[in-house]
There are 2 protein chains.
Amino acid sequence: MDPNPIGFQKHDHSHCVADAVAEADRTCQKAGLQLTPVRKRALEILLEEHRALGAYDVLARLAEDGFGSQPPVAYRALDFLTKNGFAHKIERLNAFIACAHPGDIHTPAFLICTTCEAVAEAETDPSHSLLNQIADTTGFRISRAVLEAEGTCPNCLANDQAKDPK
Amino acid sequence: MDPNPIGFQKHDHSHCVADAVAEADRTCQKAGLQLTPVRKRALEILLEEHRALGAYDVLARLAEDGFGSQPPVAYRALDFLTKNGFAHKIERLNAFIACAHPGDIHTPAFLICTTCEAVAEAETDPSHSLLNQIADTTGFRISRAVLEAEGTCPNCLANDQAKDPK
DNA sequence: GATTGATGTGTTATGTTATTACGTGACAGA
DNA sequence: TCTGTCACGTAATAACATAACACATCAATC
Ligand SMILES: [Zn+2]
Ligand SMILES: [Zn+2]
Ligand SMILES: [Zn+2]
Ligand SMILES: [Zn+2]
């Protein structure tokens, strides 16, 4: 129940948040995007955990901080973050997670641990992707791809082994 | 707005339904599964369209046919169908579609046309899959994979070209 | 034949996720 | 000043999903 990993590994988590927010600030500057207080706070909230948070979780925390308490407040902030590459929606979970590789345009793949709820974001090589191959042969034009795997992360796998060595 | 395709191609659709139901009947026989009236009807409803239907769409049609009218009726039937490989849930759409390749255990990939709403199911080679590669290198054990691409199908692409030749 | 357990269907009630519709303040440019 | 746009806030509702319980059926057991 302790989701420590980024890509399921230990790391200095305080940097994750600070660095990513700073990076987002810079990116928005350049792109003429407004990283307003709600949006920034929403990003921080997502960054605080390496797991996906539901919109209502985010909403609750925003409300605690004095922002609006109605669903659109969260959904709009999350919409901004996802549209501009600072966060992703995990479709399988109907939940949101901060992007682990912001800045680049990418087709992320997610590994979702059903035991500890950690979610790792992996980069993919779009050109080699399975979906692209299929799309090429069928003449389908992809605008967005969802790649999500559910299963057990290395940490939880190790824990299971320790408890139930068979 | 006319989703004719299976894999986005024209075909004799009446066979889709009849064949698939017959196949499901046989499979259930063998496996000792009960393809009860609600379940069979739910499968037919899904088969009638090559697009994904929401649980409440299915529910409404079941109710028309004299089955229960409350959500669990639909969700339980859909649960049976998905658990036993007769249907899939499209996570991106929170909706369900009949399996195009029932019988085999497989890792399907879906191509979702945002224009005509058609959904095509493609088979994948699990061993070559991107997700599997990632999983191998990180030590993650996959139990289920979600592969969904959103975009424009060949038909709609052609229509767009015809209207707006540029 | 009665009892029991497993399975399936139905209901009500509730929980969770997401959107629509509408109003306000801030601010930039005409 | 007027106007358009953008961001933020609200209330209300839609859409998706599950929990909990009652009842029927049927097969296995007593
Ligand atoms: Zn971290
Ligand atoms: Zn884990
Ligand atoms: Zn068909
Ligand atoms: Zn189409």
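Lettering follows sequence order; numbering is per chain, from 1. Only this structure's heavy atoms are used, side chains among them; waters, hydrogens and symmetry mates stay out.
Once the 5.5 Å centre distance and the 30° plane angle are applied, the aromatic ring of Y75(A) is found not to be stacked with the base of dT19(C).
Between the CG atom of L33(A) and the P atom of dC6(D) there is a distance of 12 Å, given to the nearest Å. Atom CG in D57(A) sits roughly 7 Å away from atom P in dT17(C) (whole-Å rounding). Going from atom CG of L35(A) over to atom C1' of dA7(D) covers 13 Å, rounded to whole Å. In this structure, CG of L62(A) is placed 10 Å from P of dC8(D), rounded to the nearest angstrom. dT10(D) atom C1' lies 12 Å from atom CG of L59(A), rounded to whole Å.
Within a 6.0 Å radius of CD in Q29(A), no more than 12 heavy atoms belonging to other residues, nucleotides or ligands are found.
Considering only side-chain N and O atoms, Q34(B) lies under 4.0 angstrom from the phosphate OP1 or OP2 of dG8(C). Note on Q70(B): a side-chain N or O is less than 4.0 Å away from OP1 or OP2 of dT12(C). Side-chain nitrogen and oxygen atoms of S69(B) include none within less than 4.0 Å of the OP1 or OP2 phosphate oxygen of dG10(C). OP1 or OP2 of dA18(C) lies within a sub-4.0 Å distance of a side-chain N or O belonging to N94(A).
A donor-acceptor pair under 3.5 Å is absent between the side-chain atoms of H50(B) and the main chain of A98(B), judged by distance alone. Under a 3.5 Å cut-off, the side chain of E117(A) and the backbone N or O of R51(A) do not form any donor-acceptor pair. The closest donor-acceptor contact from the side chain of R41(A) to the backbone of L62(A) lies at 3.5 Å or more, if one exists at all.
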Item checked: Nucleic acid footprint by protein, nucleotides 21-30 of chain C - heavy-atom cut-off 4.0 Å, B for base, S for sugar-phosphate alone -> ----------
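For the atom pair CD1 of I142(A) and CD of E148(B), the computed distance is 12.0 Å after rounding to the nearest 0.5 Å. One finds the CZ atom of R39(B) at 9.5 Å from the CZ atom of R76(B) (value rounded to the nearest 0.5 Å). The CG atom of L78(B) sits 13.0 Å away from the NE2 atom of H88(B) when rounded to the nearest 0.5 Å.
Partner of K89(B) under the side-chain contact (heavy atoms from CB on, under 4.5 Å) criterion, out of D79(B), N94(B), L81(B): N94(B) alone.
Of the residues in residues 77-91 of chain B, none has a non-hydrogen atom less than 4.0 angstrom from any atom of DNA chain C. Within residues 37-44 of chain A, the residues having any heavy atom closer than 4.0 Å to DNA chain D are, in order of number, V38(A), R39(A).
Two residues are said to be in side-chain contact when any heavy atoms from C-beta on lie closer than 4.5 Å; Y75(A) and Y56(A) meet this criterion.
For Y56(B) and dA14(D), a side-chain-to-base donor-acceptor distance below 3.5 Å is absent, hydrogens and geometry of angles not being considered.
By the 30° and 60° cut-offs, the orientation of the rings of H101(A) relative to H106(A) is perpendicular.
With respect to R144(B) and E150(A), no salt bridge is recorded, no charged nitrogen being found less than 4.0 Å from a carboxylate O.
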